[in-house]
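Following: one structure in structure tokens, then a few remarks.
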Amino acid sequence: MPARLLSIPAVAAALDVDRRSVYRFIAAGDLPVVDLRTGTGRSRIRVPIAGLDEFISSRTVLAPRPRR
């Protein structure tokens, strides 16, 4: 089955961040992308849903223990 791909606005909505933040994550190599360029025009990049899941998992932290 082919990988499900998400647009940049969809990734931004899922992470509750601005699109510019998503592009920063991509530039830093934290989010993988697939380029769907079909010609000399602008590239059309998409993020595989598995890559987004991995990104979220890698940044998940445990809640601190309550003090006694």
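Note that the numbering runs from 1 along the sequence shown for the chain.
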Going by the side chain to side chain donor-acceptor pair (under 3.5 Å) test, which pairs reach into residues 11-21, not counting sequence neighbours?
->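 Qualifying pairs, neighbours excluded: Asp18-Arg20, Ser21-Arg24.
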So which pairs with a foot in residues 49-62 pass side chain to side chain donor-acceptor pair (under 3.5 Å), sequence neighbours left out?
->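 Those involving residues 49-62 are Asp30-Arg59.
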Val61: hydrophobic cluster co-members (side-chain, 4.5 Å) = none
Using links of under 4.5 Å between side-chain heavy atoms of ILVMFWY residues, direct or through other members, which residues join Val34 in one cluster?
-> Leu5, Leu36
What's the shortest heavy-atom distance between Gly51 and Leu31, and which atoms?
-> O-CD2, 4.1 Å
What residues, two or more places apart in sequence or in another chain, satisfy side-chain contact (heavy atoms from CB on, under 4.5 Å) together with Ala10?
->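 So Ala10 forms a side-chain contact (heavy atoms from CB on, under 4.5 Å) with Leu6, Ser7.
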Only pairs at least two apart or in different chains count here, so list each ring pair (Phe, Tyr, Trp, His ring centres under 6.0 Å) that has a residue in residues 15-48.
->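 Every pair satisfying ring pair (Phe, Tyr, Trp, His ring centres under 6.0 Å) with a residue in residues 15-48: Phe25-Phe55.
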How many angstroms lie between atom CG of Asp35 and atom CZ of Arg46, to the nearest 0.5 angstrom?
->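 Atom-to-atom, Asp35:CG and Arg46:CZ are 10.0 Å apart.
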Do Leu15 and Ile56 touch side chain to side chain, with heavy atoms closer than 4.5 Å?
->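 Heavy-atom side-chain distance check passes, below 4.5 Å.
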